[in-house]
*Asks:* 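I have a structure here, written as structure tokens, and I will follow up with some questions on it.
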2 protein chains.
Amino acid sequence: MPATIKDIAKAAQVSRSTVSRVLNDSGYVKEETRTRVLAVIEELNYSPSAIARSLSNKRSNTIGVIVPDINNPFFAEMIKGVTRVADKEGYRLLLVDSDENNEKEQLALQAFQEQRIEGLLIVATPAKEKKSLEHLRWMRAHHIPIVLLDGHVKYDEFDGVFIDHYQGAHDATIALVQAGHKRIGILTGKLSSRPAMERLRGFQDAMTECGLVSYDEDILFGDYGHEKAYHLTKEMLTRKKRPSALFVSSNQMVLGMMRAVSELRMKIPQDLAFIGFDQLETLNLIGMNCSTVDAHTVEVGELAMKRLIQRLENEKLETAHTVLRPDLSLRGSEANLK
Amino acid sequence: MPATIKDIAKAAQVSRSTVSRVLNDSGYVKEETRTRVLAVIEELNYSPSAIARSLSNKRSNTIGVIVPDINNPFFAEMIKGVTRVADKEGYRLLLVDSDENNEKEQLALQAFQEQRIEGLLIVATPAKEKKSLEHLRWMRAHHIPIVLLDGHVKYDEFDGVFIDHYQGAHDATIALVQAGHKRIGILTGKLSSRPAMERLRGFQDAMTECGLVSYDEDILFGDYGHEKAYHLTKEMLTRKKRPSALFVSSNQMVLGMMRAVSELRMKIPQDLAFIGFDQLETLNLIGMNCSTVDAHTVEVGELAMKRLIQRLENEKLETAHTVLRPDLSLRGSEANLK
DNA sequence: CGGTGTTGTGGGACCGGTCCCATAATTATA
DNA sequence: TATAATTATGGGACCGGTCCCACAACACCG
């Protein structure tokens, strides 16, 4: 068993109170005593129990984080941002990968409650389960602040840091038009997802503004996964009349699209130009030059964590939503080379 | 403040002991009493404090995990494996991304100690700092079992689950030879890294076994990063006499290599064939068909966590090293099309 | 009917800290 | 030099659980 504060007290011939004072340097301690205590601590390699401390302080210093999939770099980057701030501010993270599974999310919330987390971060949309929503409301009612990262509008009763999907899609579409494309399509995610809807709207509005028509058959509804995107693109590319450019709603979908293009022995951007959402670092590293809408994911994480800390310090804040505008990175795949 | 066991006891008109018995269903409790207590628990939405429990039990149920970089899928997958087992067995993970930074690793170990972790997992090589090693030894001496995941041989005094880099490189090289290549090179990582050394040895032995010479200038020493790999490959490809195939030691290096090939307007595998280490899911998804040595990373995570649990249950086990043999996935990039 | 189990419940110490309050020692002030 | 203020330390309650032990209630058995 590790040494306790009692052991230190005995060895240094002082009371536990004095040791505690030295540890937290609070209150008065004679210099001589302090050095003696510190020496003993060093000697016995003592480290105070965070557990006991938490119990006494009624502060766990822990933040719960729920992510749909840590392997997705889009989310992993947000976590990086969260971690950075949490480290600096002395908070510990309890990270749970929910696998987009309602049950797992429920269990996580339960575990978080037992751990007495002080705050909660939820990346992307929380489960739509009524039970989950109730749980979240219950937490908030019990002074556990919650901040959403790029979540669903349905939950805008909570604080959140969002990405401006509308604007991102809008900018991308304009860029395609400026590159000289007349007929432009979109490869988009599930309609049930708020970001997908926003992107679609951004796309459509931009088209209208530019005086272009967006044909219904050029709106390809996928599910954010690469497989569906592959089939949709392949089908689309075999049509006689078809778009010369595509706005692609997620990095996974870009992959499926590229596979379709490559299987049909076509070329980007000659046969099909595109701009994607999210970074595609891997592809750019091998020199494929994919133009993208870069969401500032790391920053989302940082801002969310900072916001949470503000809440922790001052419970009486107005609910606030921060919206980050993505930047366009044009690298060539949007060109019109006809 | 959340309800405590005392509140439940009062509301149900029993003692704390009885409530505790109901919660852990240990000891005798009359059925009638049990249901009454459970009703109150439900009503007050009570959840026992893991913190208080830990203090009393002297069990934190927490495992510390140190990873060099969560964003690297190679490591992220191991974490997936670890998580899966930990979840099932009721352990909590304290995950720290060390950024391959000694100081951060030290701080993490310190924090882990305060959290009274019951076991420690270290992904890839722990910091070479003498201080870290001492810390690890100290932990082990204090009954905190440690399991290394794909770590450095220097630390084989600890339990570990490793990937057979030697065998992987060996198999890959043989495959290149069988594909018809005569002159084969290797793009390898830092020599200070044990995996890099192992891969190099596997490569060289395979060459010798096949009766082929490996020229010194065909051994390209990188640092696992894509940038260095890019330059090395580019230089190599401009030589008059050069390998027709490469064994590439990491997925990052493959990226650099491919950029070099693409910039020189060369083709894979016509101008340069290769087999890489680690999966390259992204590239395969877009139909680039990269042959790779697949290490079973998820399994490494699972086995490591299982091993740790064994240790937790029985401290008196012999130190054991599990070595997993990777599998070869040939997808075309190794072909000899001259 | 009294002894012996088996069930069911409560009391209190303990886990390892923090912190308030009392008191002791030292220094400043009148 | 007595008194007040400041500095230094210790004692004990408390945080929210667990668990051992004592004891009460009830059944069974000879």
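So you know, we letter chains A, B, ... as the sequences are listed, proteins then strands, and number each from 1. From a predicted model like this one, the values you see are computed outputs, not experimental measurements.
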*Asks:* Mind checking whether Phe112(A) and Val96(A) have side chains closer than 4.5 Å, heavy atoms only?
*Replies:*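 Heavy-atom side-chain distance check passes, below 4.5 Å.
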*Asks:* Would you please confirm or rule out a distance under 4.0 Å between OP1 or OP2 of dG17(D) and any side-chain N or O of Arg116(A)?
*Replies:* yes
*Asks:* Return the value, rounded to whole Å, for the distance between atom CG of Asn61(B) and atom P of dG17(D).
*Replies:*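 Distance check: Asn61(B) CG to dG17(D) P gives 16 Å.
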*Asks:* Just by distance, no angles: are the side chains of Ser98(B) and Glu105(B) close enough, under 3.5 Å, to form a donor-acceptor pair?
*Replies:*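 Ser98(B) vs Glu105(B): no donor-acceptor pair found between side chains.
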*Asks:* If I take atom CZ in residue Arg16(A) and atom C1' in nucleotide dC14(C), what distance separates them, rounded to the nearest angstrom?
*Replies:*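 Distance, rounded to whole Å: 12 Å.
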*Asks:* Just how far, in rounded Å, is C1' of dC20(D) from CZ of Arg21(B)?
*Replies:* 10 Å
*Asks:* Which whole-number value in Å describes the distance from Arg59(A) CZ to dC19(C) P?
*Replies:* 11 Å
*Asks:* Pick base, sugar-phosphate or nothing for Thr33(A), based on heavy-atom distances below 4.0 Å to the nucleic acid.
*Replies:* sugar-phosphate
*Asks:* Check salt bridge (Lys or Arg N to Asp or Glu O under 4.0 Å) between Lys80(A) and all other residues, then give those that pass, not counting sequence neighbours.
*Replies:* Asp69(B), Asp97(B), Asp99(B)
*Asks:* Do Ser56(B) side-chain and dG17(D) base share a donor-acceptor contact under 3.5 Å?
*Replies:* yes
*Asks:* For DNA chain C, whose closest nucleotide is more 5', that of Pro2(A) or that of Gly27(B)?
*Replies:* Gly27(B)
*Asks:* How many Å lie between CD on Glu32(A) and C1' on dA8(D), as a whole number?
*Replies:* 12 Å
*Asks:* Using the salt bridge (Lys or Arg N to Asp or Glu O under 4.0 Å) rule, pick out the option among Arg84(B), Arg307(B), Lys88(B) that qualifies with Glu302(B).
*Replies:* Arg84(B)
*Asks:* Is the distance from OP1 or OP2 of dG10(C) to the nearest side-chain N or O of Ser15(B) less than 4.0 Å?
*Replies:* yes
*Asks:* Would you tell me if any nitrogen or oxygen in the side chain of Tyr28(B) comes within less than 4.0 Å of OP1 or OP2 on dT7(C)?
*Replies:* yes
*Asks:* Is the phosphate of dT18(C), meaning OP1 or OP2, less than 4.0 Å from a side-chain N or O of Arg53(A)?
*Replies:* yes
*Asks:* Stepwise, does the side chain to side chain donor-acceptor pair (under 3.5 Å) test hold for Gln115(A) with Arg92(B)?
*Replies:* CA-CA 10 Å; Gln115(A) 292 298 327; Arg92(B) 228 159 347 110; 3.1 Å; yes
*Asks:* Tell me whether the OP1 or OP2 atom of dG17(C) has a side-chain N or O from Asn57(A) closer than 4.0 Å.
*Replies:* no
*Asks:* From dC20(D), dG8(C), dG16(D), pick the nucleotide closest to the side chain of Thr4(B)?
*Replies:*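 It is dG16(D).
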*Asks:* Looking at Glu157(B) and Arg137(B), is there a salt bridge between them, counting it only when a charged N and a carboxylate O are closer than 4.0 Å?
*Replies:* yes
*Asks:* So, is Ser49(B) close to the dC15(D) phosphate, meaning a side-chain N or O under 4.0 Å from OP1 or OP2?
*Replies:* no
*Asks:* Taking CG from Leu55(B) and C1' from dG17(C), how many angstroms apart are they, rounded to a whole number?
*Replies:* 8 Å
*Asks:* Check the phosphate of dG17(D) against Ser54(B), side-chain N and O only, distance under 4.0 Å to OP1 or OP2. Yes or no?
*Replies:* no
*Asks:* Side chain of Val29(B) only, heavy atoms from C-beta on: which candidate in dT9(C), dG17(C), dT9(D) is closest?
*Replies:* dT9(C)
*Asks:* Expressed as a whole number of angstroms, how long is the span from Glu114(A):CD to dT18(D):P?
*Replies:* 11 Å
*Asks:* Can you measure Lys6(B) atom NZ to dA13(D) atom C1' for me and round it to whole angstrom units?
*Replies:* 11 Å
*Asks:* Contact class for Ser17(A) (heavy atom, under 4.0 Å): base, sugar-phosphate, or nothing?
*Replies:* base
*Asks:* Ignoring backbone atoms, establish whether Lys58(B) has a side-chain N or O less than 4.0 Å from OP1 or OP2 of dC14(C).
*Replies:* no
*Asks:* Just N and O in the side chain of Ser20(A): are any of them under 4.0 Å from OP1 or OP2 of dG17(C)?
*Replies:*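 For Ser20(A), the contact criterion (side-chain N or O under 4.0 Å from OP1 or OP2 of dG17(C)) is not met.
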